[in-house]
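First the structure, in the form of structure tokens, and then the observations on it.
Each chain gets a letter, A, B and so on, in the order its sequence line appears, and its residues count up from 1. Not measured: the values here are computed from a predicted model.
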Amino acid sequence: MEDSSTLIDQRREKLEEIRQLGVDPYPYKYSPTHTTLEIREQFSEVGDQPDETKPVRIAGRIMTKRDHGKSGFAHLQDGSGRLQIYVRQNAVGKDAYQVYRKLDVGDVIGVDGPVFRTRTGEITVLVNEVELLAKSLRPPPEKWHGLQNKETRYRQRYADLMMNPEVRQVFINRTRMIQAVREYLNQDGFIEVETPILQPIYGGATARPFTTHHNALDMPLYLRIANELYLKRLIVGGFDRVYEFSRDFRNEGIDHDHSPEFTMIELYQAYADYEDMMCLTENLLAHTAQTVLGTTQITYKGDSISIAPPWRRLTMVEAIQEEAGIDVDALTDAELRQAVLDVGGDLEGVAPRGKLIAELFEAHVEPNLVQPTFIYDYPIEISPFAKKKRGSDRFVERFEFFIARMEMGNAFSELNDPIDQRERFTEGAKNQEDGAEDALMIDEDYLRALEYGMPPTGGLGFGIDRLAMLLTDQTSIRDVILFPQMRPERAD
RNA sequence: GGGCCGUUAGCUCAGUAGGUAGAGCAUCUGACUUUUAAUCAGGUGGUCACAGGUUCGAUUCCUGUACGGCUCACCA
């Protein structure tokens with residue numbers, strides 16, 4: 001990172017000059033009275049005469065600077081926006097003005113003075129005192145185009161955020177979205193909990209984990225791929241409604257909607273089933289969109305989408321019938337295999353019927369699900385933690401919901417029969433003999449918990465990052481994660 | 001993993017049908033006390049991602065590497 005630059009050299013020289021003038025370029029504190037936004041609001045009626053009896057103090061980064069001899073304009077940017085300041089030599093004094101002239105775009109300063117409106121109508125602080133709060137040594141990106149280069153934007157998110165207000169808004173909306181979800185669940189009697197990220201046995205999903213090692217215990221540990229099984233232990237323990245925003249880690253590919261480190265929310269509600277979860281899902285997301293965006297009508301990649309309940313609901317079998325005209329129940333195993341081959345599916349090993357059905361669904365239906373849609377009743381073979389559908393041995397009470405062609409979340413009537421659960425584990429663990437790293441690990445402690453008895457429970461999980469993408473109209477998951485994972489830069 | 005594309009000044013980008021490069025902004029010097037992409041005058045700034053090859057000569061053509069983007073496949 002030691003890239004020599006004359007621009008940086010110049011700023012270091014200025015830093016020394018400022019010190020020579022007796023100014024500390026890195027003081028300890030400043031006490032603003034207002035944010036720039038508060039000034040905009042409180043002084044919206046201000047006239048062209050500054051009211052010296054109502055001085056304000058604001059602090060922020062110099063984003064533009066226009067010097068005019070013995071006066072100058074600049075824009076300060078703080079967390080709430082930008083505001084213009086006007087610095088005049090005969091207001092701040094000659095010495096202070098000398099220091100001000102040495103300041104650069106990028107420097108953080110505090111100013112004190114009254115508010116007025118300039119000839120062109122812009123609300124402006126007429127500065128009586130300037131204080132340098134932090135000297136910037138690295139020149140910021142260009143003021144007009146901002147920072148465009150995607151690689152730099154991801155690697156130096158700080159520069160991206162300071163230059164690109166729309167990026168900042170994406171992340172503010174992400175946070176507000178999380179707050180809206182939390183608020184809704186808290187009001188609905190849910191308790192937010194924290195469960196282990198380091199897990200001795202990973203479970204609750206199928207994915208390859210990140211592996212680490214605990215020295216003192218001398219044992220392997222895994223970064224969680226899901227927190228499902230811990231939350232259900234809490235249901236056994238008597239927390240009837242729990243949720244957790246869970247940073248999960250999956251050692252898989254990276255693309256526009258997959259990140260090795262991502263955020264899910266999982267929630268569990270005792271005495272509920274998957275239909276209750278459908279209602280909760282659509283109401284929760286509608287509330288969230290309404291809170292963050294003020295509407296349930298959103299636009300994503302040019303598609304107009306309504307989040308308002310009720311959402312379309314259809315079973316996986318119905319969906320395949322509708323979109324592909326294929327009645328999977330009428331097909332023999334061989335015909336089903338052929339149907340999968342027809343859509344370019346791969347049939348490694350002995351694919352059970354349920355997997356074939358899911359393949360057909362993914363190929364024919366998933367790409368068409370733009371409006372919010374619940375797809376329910378999944379094949380049992382791909383759903384080891386879901387309870388069998390009432391009256392069926394082949395399907396389970398599970399749904400996933402899709403919006404804008406993205407798989408957003410997953411829910412079940414949770415399997416609470418410990419004997420059935422053990423069989424599902426055993427079935428799933430068979431994959432491990434094939435060396436599959438994402439095979440199910442038998443979690444004996446979880447089975448023990450179920451043996452104590454878990455009430456009937458509805459569970460739901462959905463991807464926070466994907467929801468953030470949807471609500472902020474971003475096409476890549478990296479654009480809703482502040483510091484996306486990147487390969488290291490080459491050391492020069 | 002495959003395919004396509006990109007990497008040129010601090011930033012945003014041109015460009016060289018092979019003869020070592022330009023603009024705008026930023027920066028520096030000077031002028032300027034209501035500007036706002038301030039203006040005016042004059043300057044500085046680049047191993048053209050990295051390494052090989054072809055060539056009298058490569059930033060340009062070829063090959064490889066690194067990093068990134070888009071996309072297809074896979075996993076969520």
### Message
With hydrogens left out and only the distance checked, is there a donor-acceptor pair under 3.5 Å joining A:Asn90's side chain and the base of B:rU33?
### Response
yes
Next on the checklist: Need one value for A:Lys14: base, sugar-phosphate or nothing, where a base atom within 4.0 Å counts as base even if backbone is also close, heavy atoms only.
Outcome noted: sugar-phosphate
TODO: Kindly say if A:Arg66 contacts the phosphate of B:rU35, meaning a side-chain N or O under 4.0 Å from OP1 or OP2.
DONE: no
Counting just side-chain N and O atoms, does A:Lys65 come under 4.0 Å of either OP1 or OP2 of B:rA38? no
Handout entry: Residue-phosphate contact under 4.0 Å: A:Thr206 side-chain N/O, B:rA76 OP1/OP2
Key = yes
Can we say A:Arg233 and A:Asp443 salt-bridge, meaning some charged N sits less than 4.0 Å from an Asp/Glu carboxylate O?
yes
Tell me whether the side-chain N or O atoms of A:Asp255 pair up with the base of B:rC74 as donor and acceptor below 3.5 Å, since no angle test is needed here.
yes
Can you check whether A:Phe73 stacks with the B:rA38 base, using ring centres under 5.5 Å and planes within 30°?
no
Next on the checklist: Quick check on B:rA76: is either OP1 or OP2 less than 4.0 Å from any side-chain nitrogen or oxygen of A:Arg250?
Outcome noted: no
chi for B:rA26 classified (syn = within 90 degrees of 0, anti otherwise) as anti
Nearest-nucleotide check on RNA chain B, A:Ser71 vs A:Ile477; residue mapping nearer the 5' end is A:Ser71
In whole angstroms, the gap separating C1' of B:rU71 from CZ of A:Arg478 amounts to 12 Å
Q. Would the A:Tyr158 and A:Phe483 ring centres measure less than 6.0 Å apart?
A. no
Whole-Å distance, A:Lys70 NZ to B:rA38 P, equals 22 Å
Practice problem: Return yes if a side-chain donor-acceptor contact under 3.5 Å exists between A:Gln42 and A:His34, otherwise no. | Solution: yes
*If you draw a 6.0 Å radius around CD in A:Glu45, do more than 12 non-hydrogen atoms from other residues or ligands fall strictly inside?*
no
Query raised in the report: What about A:Glu122: does its side chain form a donor-acceptor pair under 3.5 Å with the base of B:rU35?
Result: no
Identify whether any heavy atom of A:Thr64 sits under 4.0 Å from a base atom; if not, whether one sits that close to sugar-phosphate; answer base, sugar-phosphate or nothing.
nothing
message = Base of B:rC75, side chain of A:His258 - is there a donor-acceptor contact under 3.5 Å?
response = yes
From CH2 of A:Trp144 across to C1' of B:rC13 the rounded distance in Å is 16 Å
| said: Do A:Tyr274 and A:Asp377 pair up side chain to side chain, a donor and an acceptor below 3.5 Å, judged on atom types alone? | reply: yes
